[in-house]
Every structure is written in C-alpha cells, then in structure tokens.
Amino acid sequence: MSIAADPLFGIAVTVIVYALFLWLQSRRSWVQPLLMTSAMIMLMLVVLRIPVSDYQKGGSWLSFLLGPATIALGVPIYKNAERIRRSWRPILGGITIGALSGLLSSGLIVLWMGGTSDMAWTLMPKSATTPISMEVSRLYGGYPELTAVLTVLTGLAGSIMGPPLLRLCGIRDETAIGVAIGTTSHGIGTARVLKDSEWMGAVSGFSMGLTGIWVSVLALPLHLLGF
Amino acid sequence: MIGFAILAFFQLAGWLIQRLTGLPLPANVIGLLLFIVALFLKWVPLHKVEETASFLLKYMSLFFVPVIVGSLAFFPYLREHWAVITGSGVVSLLLPLLVTGWMVQNRLQARKARQQKEDAHVHRG
C-alpha cells in the first residue's frame, strides 16, 4: 500500500495547501484559494502518479463537512430573516426567474447543439447546490457524478466572475448581488460573498436553499414537457 | 463541540426524514429547514451554534477541494463533449446571473422610489 492511500495524506495535503493559499490571499487579494488549491493538488496527483481514489480516502472526510456546513447556513439566514422578509417579493421573484432561466437555457442549448437528453439532464440542475443537483440528475437520467463536477465548476466560475461582472453591468445593490450569486453559484458563491458582508452571505445562502428547492420542483414538469 | 453536535443532529434528522418519507428534497436541505425552524422556536439557542457555524462557513470552500479534484476522472468525457458542455454551461451561468441581479435591483429601486413618493406626499399633506 502506498503512503498516499492513508486517509491522512488527502486530509493533510489539502489543509496544508489551502492554508498556504489563504495566507497568500491575505497578502495578494487576487489569489483564489479554492481554485489554486484544487489545481495544485490535481497537478501533484498527476505528476506523482497518485490515483484520485487514494487521495479521496482522506478527501472524502473533508467533503463530508459540506453537510454540517450546509446546515450551518441556517445561522446567517436566521440572523437576517427580518431583513429578508422585508424584501421578500423582489428576492423570491429573482430566485424564481433565475432558477427557471438556468434550467431552460442549459437544457435548450444542449439539445440545440446536438446533445442528448441524458447530457441535458446532466447540465440542467447545476445551479442547485451539489447534493440537490446530483439527485435531480439521477432522477431524470443524467450522470450524477458529472453533474457534481459541473455544479462545482459552475459555482467556482460564478464566485470568481460573478461579483465583478455584476458590478460592471451596473448591479451594485448588495441584495441583488447576493440573490444572483446564491441562485447561480450555490455554496461556493455564498462562501465567496460571505467574506464581503454577512448580509450578502445570508441572502445568498437563502437564495441557494430556495433555488435547490425550485430546481427539484421545476424539474418534474420540464421532464414531462419532453426534456 | 456542542455546536457541532447540534449541526450533526439536524443533518442526521434530515437524512432520516428523507429516507423514511422519500421526499424529493435532498437530506441536507431538509436538515437546514428543520434547523431554521428550531432557531425560530428557540429550541436551539443561537449562541450555542454560532461559533461552530461561523467556523464552518468561513472555511467552507476548503470542503469543495476534494470534489473539484475528483473531476480529474471525467477529463476524457469532458474533452470529448467540451463544446456542448462549455456552451451550455457558460450561457446558463451568465444569463440567470445577470437577469436575476438586474431584476432584484430594479424591483428594489422601484419600491424605494414609490416609498419616497409616498413619504413626500405625507409630508406635504
């Protein structure tokens, strides 16, 4: 058995590299800890010929913590519930239009570009948070593992490009940014905007939860419509 | 530690409910909803979970690293279908992002303008 097959390897390497990039980020604000840590570990596994399954023996311990972290989103939502309630119409409307346009545009483009229905369902639920997108994908004939990967890549892209792109397009309102990021970039985007303000994190976390519910609910009629 | 136990309890409760009822909602979302209800009903005092929750949320992006690294296994499939996946992926990220952001900001501003108008009316009246 190789050294890398011990769970300690995956856990220790990930935490050490991540801490390194967090420290670098505190000195150079353009550093992206999630993107760079993942890229560095991938490179390391490829160069040292370590199987991904060996790395995941420890890695899965860390990704397990996504569960309690998702529950923990209840805290900022609860603390900001009164403020969310005061703007519930715009927030709810934004989330609904975002979830629906995400589902429809991804599915239609796949079919229009000659992709198959299973590929469409692999991509369609990806604006929901990973555990939800995987479930929806599995339920309607997509590839859940690939959906998980694409969900995370979407969240990563949204968390990096989303806030600057929104500001570039004149969308500067914190509530609007929070809803847009939570609806399209789920937990990764939420973690990103939470660093800027607790309110943006709360409204993004709320949007992420509701998007997850919307995507699982809207998937059924879309399936019946022939997707 | 009590904070972590509370969060784990709601995660487990969500999982059990999902298993027993077959609700078409993911276990973690059910757990999250239960947790929010418990906070509102003061079954769970905020100060018991606040520290653990803020720690987990602060370092949440760390927990995504193994999932992204796992995408290595899909590189052959991604290489074969990259055009469709990228095309669909980029549009279905940017379109909802901008539409949602614009709509929420627009609605909030419209409401603000309406309120200011009403306020002005009250002052004059």
Side-chain angles (χ1 to χ4, degrees), chain A residues 14 18 33-34 37-38 41-42 52 55-56 59-60 62-63 65-75 77-78 90 94 97-98 101-102 105-106 109-110 113 115 123 131-132 135 146 148-149 152 154 157-158 162 166 169 171 173 175-177 179-180 183-184 187-188 191 194 209 212 216, chain B residues 4 7-8 10-11 14 24-29 31-33 35-36 39-40 46 49-50 52-54 56-58 60-74 77 81 83-85 87-89 91-105 107-109 111:
Chain A
T14 312
Y18 181 77
L34 173 58
T37 305
S38 312
I41 291 174
M42 282 178 171
V52 178
Y55 165 77
Q56 293 293 15
S60 59
L62 289 173
S63 44
L65 290 172
L66 281 171
T70 305
I71 310 284
L73 281 169
V75 169
I77 292 176
Y78 170 73
I97 212 83
S101 63
S105 61
S106 53
I109 289 169
V110 168
M113 287 180 77
L123 274 143
I132 303 188
E135 267 320 295
L146 188 57
V149 171
V152 170
T154 302
L166 284 165
C169 294
I171 297 155
D173 184 272
T175 312
I177 297 176
V179 175
T183 304
T184 54
I188 302 180
L194 195 61
S216 24
Chain B
F4 201 86
L7 295 176
F10 283 99
Q11 192 187 1
L25 276 182
N28 287 341
V29 173
L32 171 62
L33 293 173
F35 178 55
I36 294 173
L39 283 170
F40 271 105
L46 184 62
V49 284
E50 208 169 2
T52 314
S54 70
L56 285 171
L57 292 176
K58 191 172 173 197
M60 194 167 172
S61 63
L62 167 69
F63 314 140
F64 282 106
V65 171
V67 188
I68 299 184
V69 172
S71 71
L72 268 179
F74 285 99
Y77 186 92
H81 300 287
V84 180
I85 292 173
S88 166
V91 176
S92 64
L93 167 64
L94 297 184
L95 178 79
L97 182 84
L98 295 174
V99 169
T100 304
W102 178 82
M103 187 179 149
V104 175
Q105 177 162 288
R107 294 287 90 212
L108 286 171
Q109 281 172 348
R111 197 178 63 173

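No experiment lies behind these values; they were computed from the predicted model shown.
With a 4.5 angstrom heavy-atom cutoff, T70(A) touches chain B via backbone and side-chain atoms both. Within the 4.5 angstrom heavy-atom criterion, atoms from both the backbone and the side chain of L146(A) approach chain B. Heavy atoms closer than 4.5 Å to chain A are found in both the backbone and the side chain of F40(B). In this structure, chain B has heavy atoms under 4.5 Å from both the backbone and the side chain of V75(A). Looking at L46(B), the atoms closer than 4.5 Å to chain A (heavy atoms on both sides) all sit in the side chain, from C-beta outward. Proximity to chain A (any heavy atom under 4.5 Å) is shown, for I85(B), by both the backbone and the side chain. Interface remark: F35(B) contributes side-chain atoms only to the contact with chain A (heavy atom separation under 4.5 Å).
Annotation: maximal heavy-atom pairing with chain A below 4.5 Å, among L93(B), V91(B), V99(B), T52(B), occurs at L93(B). In terms of heavy-atom pairs under 4.5 angstrom with chain A, the leader among Q109(B), R111(B), R107(B), E50(B) is R111(B). Note: V69(B) leads L98(B), L94(B), V69(B), V49(B) in heavy-atom pairs under 4.5 Å with chain A. If you tally non-hydrogen atom pairs under 4.5 Å between each of I36(B), L108(B), L95(B) and chain A, the highest count goes to L108(B). For the options L72(B), N28(B), V29(B), L33(B), heavy-atom pairs under 4.5 Å to chain A are most numerous at L72(B). Each of P68(A), A191(A), A69(A) has some count of heavy-atom pairs under 4.5 Å with chain B, and the biggest count is that of P68(A).
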